[in-house]
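The block underneath contains the structure these notes are about, expressed in structure tokens.
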Amino acid sequence: MIGRLNHVAIAVPDLDAAVSVYRDTLGATVSEAVDQPDHGVTTVFVELPNTKIELLYPLGTNSPIAKFLERNAAGGIHHLCYEVDDIHAARDKLKAQGMRVLGDGEPKIGAHGKPVLFLHPKDFMGTLVEIEQV
Ligand SMILES: C[C@H](C(=O)O)C(=O)SCCNC(=O)CCNC(=O)[C@H](O)C(C)(C)COP(=O)(O)OP(=O)(O)OC[C@H]1O[C@@H](n2cnc3c(N)ncnc32)[C@H](O)[C@@H]1OP(=O)(O)O
Ligand SMILES: [Co+2]
């Protein structure tokens, strides 16, 4: 079912500082900051040879990462995103296996313009999992 690791997301308390660490200290290529109002975050992607790092900063008053940052004031790894060929088939198979799909269960368009879904961290060894159809 899952294919390539599309990205590892890090929630950050200071987006500019995080961009500077990846761009200036680590010498990586970073994207512009893009607001994702449907997801309640602003994202910056760090392009790596074999995957991406998604820097996440809260957007708006109801961001799903706000509580995470309250618990992790310095920031932290927030989720892993795996690629799937068919997000509806993957969702249905996961639900049939008793896995919890977050939200209303319908894919939303994510930062790459592709459909994404999130799976409950308690079903995946304490790791929030995102699947993205590519
Ligand atoms: C668009 C872009 C893209 O890639 O395209 C994105 O990624 S958007 C990325 C932003 N969007 C999302 O994250 C959407 C999916 N996330 C969610 O629906 C929510 O964040 C959530 C349901 C995972 C957690 O919500 P919450 O923090 O308000 O809930 P709670 O505080 O009650 O947390 C419930 C339990 O899950 C744990 N928990 C919460 N967040 C995480 C996490 N990131 N990783 C691992 N565990 C987590 C808490 O510690 C708690 O465990 P305990 O009970 O033991 O204390
Ligand atoms: Co993501």
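We count ligands from 1, going down the list as the structure has it; atoms in each ligand are counted the same way. Here the structure is a predicted model, which is why all the values come from computation and not from measurement. Numbers here are sequence positions counted from 1.
A side-chain contact (heavy atoms from CB on, under 4.5 Å) with H39 is found for one member of T43, V41, D35 and no other, namely V41.
Checked against a 3.5 angstrom limit, the closest N/O atoms of T127 and ligand 1 fall outside it. Between T43 and ligand 1, not a single N/O pair is under 3.5 Å apart. Geometrically, ligand 1 and Q36 share no nitrogen or oxygen pair separated by less than 3.5 Å. Taking distance alone, with nitrogen or oxygen atoms compared against 3.5 Å, A111 approaches ligand 1 more closely than that limit.
Here the N, O or S atom of E130 that is nearest to the Co ion (ligand 2) is OE1.
Atom 14 (C) of ligand 1 lies below 4.0 Å from at least one non-hydrogen atom of the protein. Within the 4.0 Å cut-off (strictly below), no protein heavy atom is located near atom 55 (O) of ligand 1. The nearest protein heavy atom to atom 24 (C) of ligand 1 is not closer than 4.0 Å. Distances from atom 52 (P) of ligand 1 to the protein include at least one heavy-atom value under 4.0 Å.
For E83 and K114, the salt-bridge test fails: no basic side-chain N is under 4.0 Å from an acidic carboxylate O. The pair K108-D38 does not count as a salt bridge, with every side-chain nitrogen at least 4.0 angstrom from each carboxylate oxygen.
The nearest heavy-atom contact from the protein to atom 21 (C) of ligand 1 is L102 CD1, 4.5 Å. For atom 16 (N) of ligand 1, the nearest non-hydrogen atom of the protein is L128 CD2, 4.0 Å. Closest to atom 36 (O) of ligand 1 among all protein heavy atoms lies P121 CG, 3.9 Å.
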Inset, instruction - Kindly indicate, with the supporting measurements, whether the criterion side chain to side chain donor-acceptor pair (under 3.5 Å) is fulfilled by E130 and H7. - result: CA-CA 9 Å; E130 177 182 13; H7 61 268; 3.0 Å; yes
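Looking at H78 against ligand 1, both its backbone and its side chain come within 4.0 Å, counting heavy atoms. The proximity of P64 to ligand 1, defined as any non-hydrogen pair under 4.0 Å, involves the side chain as well as the backbone.
Proximity of G126 to ligand 1 is established by a heavy-atom distance of less than 4.0 Å. In this structure, K122 counts as a contact residue of ligand 1, since one of its heavy atoms falls inside 4.0 Å of the ligand. Proximity of K108 to ligand 1 is not established, as no heavy-atom distance is less than 4.0 Å.
Distance check, rounded to the nearest 0.5 Å: CD1 of I2 to CD of E132 gives 13.5 Å. Between atom CZ of residue F124 and atom CZ of residue R100 there is a gap of 9.5 Å, rounded to the nearest 0.5 Å. A distance of 9.0 Å separates CD1 of I109 from CD of Q133, quoted to the nearest 0.5 Å.
Taking the six-membered ring where the residue is Trp, F45 and H112 present tilted rings, their angle falling between 30° and 60°.
The local environment of CG in D24 is crowded, with over 12 non-hydrogen atoms from other residues, nucleotides or ligands closer than 6.0 Å. Within a 6.0 Å radius of CZ in R23, other residues, nucleotides and ligands contribute more than 12 heavy atoms. The environment of D85 atom CG is sparse: at most 12 non-hydrogen atoms of other residues, nucleotides or ligands sit within 6.0 angstrom.
For atom 29 (O) of ligand 1, the candidate residues are K67, E132, M125; the nearest heavy-atom contact is made by K67. Among E54, H39, R71, K114, the residue whose heavy atom lies nearest to atom 2 (C) of ligand 1 is E54.
Within ligand 1, counting atoms from 1 as listed, the ones closer than 4.0 Å to a heavy atom of G110 are 5 (O). Of all atoms in ligand 1, listed by their number and element, those nearer than 4.0 Å to a heavy atom of H7 are 4 (O).
Using modelled atom types, one side-chain atom of D86 and one backbone atom of H88 make a donor-acceptor pair closer than 3.5 Å. Of the possible polar contacts, one joining the T51 side chain to the L5 backbone as a donor-acceptor pair under 3.5 Å is found. T127 places no side-chain N or O within donor-acceptor distance of the main-chain N or O of V129, the cut-off being under 3.5 Å.
Rounded to 10°, the angle that OE1 of E54 and NE2 of H7 form at the Co ion (ligand 2) is 80°.
For a distance bound of 2.8 Å, the N, O or S atoms of H78 include none lying that close to the Co ion (ligand 2).
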